[in-house]
Amino acid sequence: MQDQVETICGFCGTGCGLLVETEDNKISKVKGYKENPSSHGETCVKGALGWGYLRSDRRLTQPLIRKNGELTPASWEEALHLIATKFSQVKENHGADAFGCFSSSRSTNELNYLAGKFMRTVIGTNNIDSCNRT
Ligand code: SF4
């Protein structure tokens, strides 16, 4: 079954309108949505063609931890515990300004806000930036 869905591109903060065509519930084509008041049907290459990864068999589907040189599947609990332990070690040995965070304009405003809060209140540094200046 074919269908069309109007949406907003999530690749950057410009927010171009997209028309996503699907067939059997899978994306078959993405093009600019002419009725969008800001982009008038125009997109850049990312908006029109940057969706192929959705079907890639190379997508990560679970955390991987390097053990003895090999990336090994791990649970989220194990991965987050390892990250917290390593972060604590770095902060203790080198201070909070040893960290830096580059957030992403592909994330929502809320996620970028959380990234800033996390860096400033949990890590304790103002070393955060992104192309949308969080
Ligand atoms: S189509 Fe390009 S310019 Fe428009 S929102 Fe997507 S990434 Fe940004």
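Atoms within a ligand are numbered from 1 in the order they appear, just like the ligands themselves. Numbers here simply count residues along the sequence, with the first being 1.
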message = Are more than 12 heavy atoms, taken from residues, nucleotides or ligands other than Gln89, located less than 6.0 Å from that residue's CD atom?
response = yes

ask   = Do you know how many protein N, O or S atoms are within a distance smaller than 2.8 Å of atom 8 (Fe) of ligand 1?
value = 1

request  = Consider only side-chain N and O atoms of Asp3 and Thr22, and report whether a donor and an acceptor are under 3.5 Å apart.
outcome  = no

ask   = So, Glu78 and Lys67, do they make that salt bridge, N to O below 4.0 Å?
value = yes

inquiry  = Just checking Asn25: does its CG atom have more than 12 heavy atoms from other residues, nucleotides or ligands closer to it than 6.0 angstrom?
reply    = no

Aromatic plane relationship, Phe87 with Phe118 - under 30° parallel, 30 to 60° tilted, over 60° perpendicular = tilted

key: Gln62, CD atom: more than 12 neighbouring heavy atoms under 6.0 Å   = yes

